[in-house]
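Worksheet for the structure shown next.
Residue numbers start from 1 in every chain, and the chains themselves are labelled A, B, ... in the order their sequence lines are given, proteins ahead of strands.
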2 protein chains.
Amino acid sequence: MPKQPNIYDVAVAAKVSHQTVSRVINHSPSIKPETKSRVLLAMETLGYRPNLAARALALSKTNMLGILTSDTDFTGPASMAHHMESAARAQGFFVVTCGIDPSDEKSVKDGIEHLMKLGIEGLAVIAPQLEAVEVIRKMVGSVPVVTLDSMYRMDELAVSVDNFSGGSAATQHLVDLGHRNIVHISGPKNWFESTARAAGYTATMLTAGLTPRVIEGDWELSTGHRIGLEVNLESKALSAFFIANDRMAIGFLHAMRQRGISVPGQVSVVGFDDLEESGYCWPPLTTLRQDFKELGNRAMSLLLDEILGKPGRKLDRLIPDLVIRDSTAAAAESTGQ
Amino acid sequence: MPKQPNIYDVAVAAKVSHQTVSRVINHSPSIKPETKSRVLLAMETLGYRPNLAARALALSKTNMLGILTSDTDFTGPASMAHHMESAARAQGFFVVTCGIDPSDEKSVKDGIEHLMKLGIEGLAVIAPQLEAVEVIRKMVGSVPVVTLDSMYRMDELAVSVDNFSGGSAATQHLVDLGHRNIVHISGPKNWFESTARAAGYTATMLTAGLTPRVIEGDWELSTGHRIGLEVNLESKALSAFFIANDRMAIGFLHAMRQRGISVPGQVSVVGFDDLEESGYCWPPLTTLRQDFKELGNRAMSLLLDEILGKPGRKLDRLIPDLVIRDSTAAAAESTGQ
DNA sequence: AGGCTAAATGTGACCGCTAACATGAACAGG
DNA sequence: CCTGTTCATGTTAGCGGTCACATTTAGCCT
């Protein structure tokens, strides 16, 4: 295969110096239109493509961004990553993704090391566990890092969903419907989203003079299902569940159907995320919508502003919307209908 | 910020020449252990990190791979991309993803151009539309391309699910249960997966002496739902649907519930994909499982073999598994129960 | 026409790394 | 003790761009 042409080849073909070619590439203003078109023609005929490695070397600027994403196929992270990539590309940046297992410190470190070798100029982290974030911030040196829906600190770039207010809204909705015994099925304790949602739940329960009760889950569909099968619904007029994500909620609803318990007749259920499926399950799930696209876009915008030295805010917070569907209804008086 | 150290800095610190440092980096055999550890120490204390742009320039080898993925947040593509990335990283390659809208030729071209500028050494395409693939193969020159579950040709790298046999198995399952009027709700015509599944369906229907009938869908949940609401179930003892993906099937099941039509009592439904939710919808969906992880791994393995010059096969095909759940049952005699 | 300024283009060095070749030290055999 | 090998290391050039600066050309005024 014949080697790729470089600026010198183009220069010869266009009868100009290599620097002139470089000027054309970089849209330098002081170049005669006539020369410019001659160079452009030469580039076209030779099939010239600038070598980004060479440019990166000369400028010490790689135009690369990294996305560190947790090791799952959940739609949330995938969607955020996807939209971040689009936003970055629009600004001429390349996005290198790197999947990690956030519970394994070695995996996290290897992932970062991998990205740092590349010379990334910014990093987005979609790994919403408390531990991982600290490790990451230490390793990247002066590379800006934006976290998505994760650690929440005033001094760092972060876009997050206001999980506290989401948890609170979910709970308040159930309280408003007259429910008294509301149980929260949470995510794992070491996820920031999880603790914030639980905190919103707890605060709202206490404010309403109710007793919070939390069952720890792990985001998994199968776990929601299992808890749904096991939970004791006889003892004390248990009438509502706020479940920390839709996947567990979908599993939970399935368990209710299997047990012949009517939702929302006997039990009301609120989820969190608003997956597409949530509107089509049985019954359609009341939930809190997270706008992953918006989250991804804002995160990338924060990161790019930081890289390009624009001032701007460092924190951004999205409020999830309560989407009321059929899985919640007013509580029956004292005992179930 | 102090500039990143380079090999010369390390060389000075270790009192060797820069080339010796380079040799240590590249694990050259002829280096005295004593010298090597001295260099290693110097690198450690200076916090040296090799500059990949410089290496790429010197070697004309970027170690970059591209993934072109269609513009959706479906779990299939996300999962495949994710597993391809892991496999590539294990071999020291970097993966740059690029989301495109495969129905928009400009978007496809821009995406490829973006990746080609980087100097990718291989490309994986997860954009299962007929048109896109041809455009892509033309643009990449001699860069190897692997397609996932897409165009299927004997002369190119490709991993695909045997959609024909999947469509056939789904249909045969319904035929075996005694259904006579089986309708297929397909994906869009310009997707290869779509036409292959439909072909499997049609062939099996004809073999069984039945009349195929296809309604064209578009993969969307909402479309499955809409078709489910609109479809005429009275006229001719319509008793079974083979739906080209689980998302549409989930929407369809929802419509059946809303219309009070019992599944599988009156109508049997088979999907395709085996999403996690499919096992937890109502009723749990009979479907064909696609192993996205395996698909991603095999695709990357094919691509890397090609890049690294190993011989090996060029085509790989996975057979989807029929997963029988509760949404299918034997047909009632003549008219519905 | 001469002289001055601005616009357009050319020249050389350098970014950090590796390949190819050159050199030096250590050691063997005669 | 000298030469021929081998091993370990050093030296130089070049990958394909960009920058800083040098040079040429063009435009304008007097």
Q) Reading nucleotides 14-26 of chain D 5' to 3', which nucleotides get B (base under 4.0 Å from a protein heavy atom), which S (sugar-phosphate only), which -? A) -BBBBBB------
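- Considering only residues two or more places apart in sequence or on other chains, Leu115(A) meets the side-chain contact (heavy atoms from CB on, under 4.5 Å) condition with Leu68(A), Val96(A), Cys98(A), Ile120(A), Leu123(A).
- By the salt bridge (charged side-chain N to carboxylate O under 4.0 Å, His left out) test, Lys109(A) is found to be paired with Glu105(A), residues two or more places apart in sequence or in another chain being considered.
- Residues satisfying the ring pair (Phe, Tyr, Trp, His ring centres under 6.0 Å) test with Phe292(B), not counting sequence neighbours, are none.
- Taking only side-chain nitrogens and oxygens, Ser30(A) never comes nearer than 4.0 Å to OP1 or OP2 of dA6(C).
- With sequence neighbours left out, Ala196(A) forms a side-chain contact (heavy atoms from CB on, under 4.5 Å) with Asn163(A).
- For residues 30-48 of chain A, the salt bridge (charged side-chain N to carboxylate O under 4.0 Å, His left out) pairs, not counting sequence neighbours, are Glu34(A)-Arg38(A).
- Terminal axes of the helix from dA1(C)-dT30(D) to dG30(C)-dC1(D) (five pairs each, C1' rotation axis) are separated by 50°, to the nearest 10°.
- Under the salt bridge (charged side-chain N to carboxylate O under 4.0 Å, His left out) criterion, Asp110(B) pairs with Lys106(B), sequence neighbours left out.
- Among pairs with a residue in residues 76-92 of chain B, those fulfilling salt bridge (charged side-chain N to carboxylate O under 4.0 Å, His left out) read Glu85(B)-Arg89(B), at least two apart in sequence or across chains.
- Using a 4.0 Å cut-off between charged nitrogen and carboxylate oxygen, Glu294(B) and Arg298(B) count as a salt-bridge pair.
- Sorted by first then second residue, the ring pair (Phe, Tyr, Trp, His ring centres under 6.0 Å) pairs that include residues 12-62 of chain A, not counting sequence neighbours, are Tyr8(A)-His18(A).
- For DNA chain D, the residues of residues 33-41 of chain B within the heavy-atom distance limit of 4.0 Å (strictly under) are Thr35(B), sorted by number.
- With sequence neighbours left out, Asp104(B) forms a salt bridge (charged side-chain N to carboxylate O under 4.0 Å, His left out) with no residue at all.
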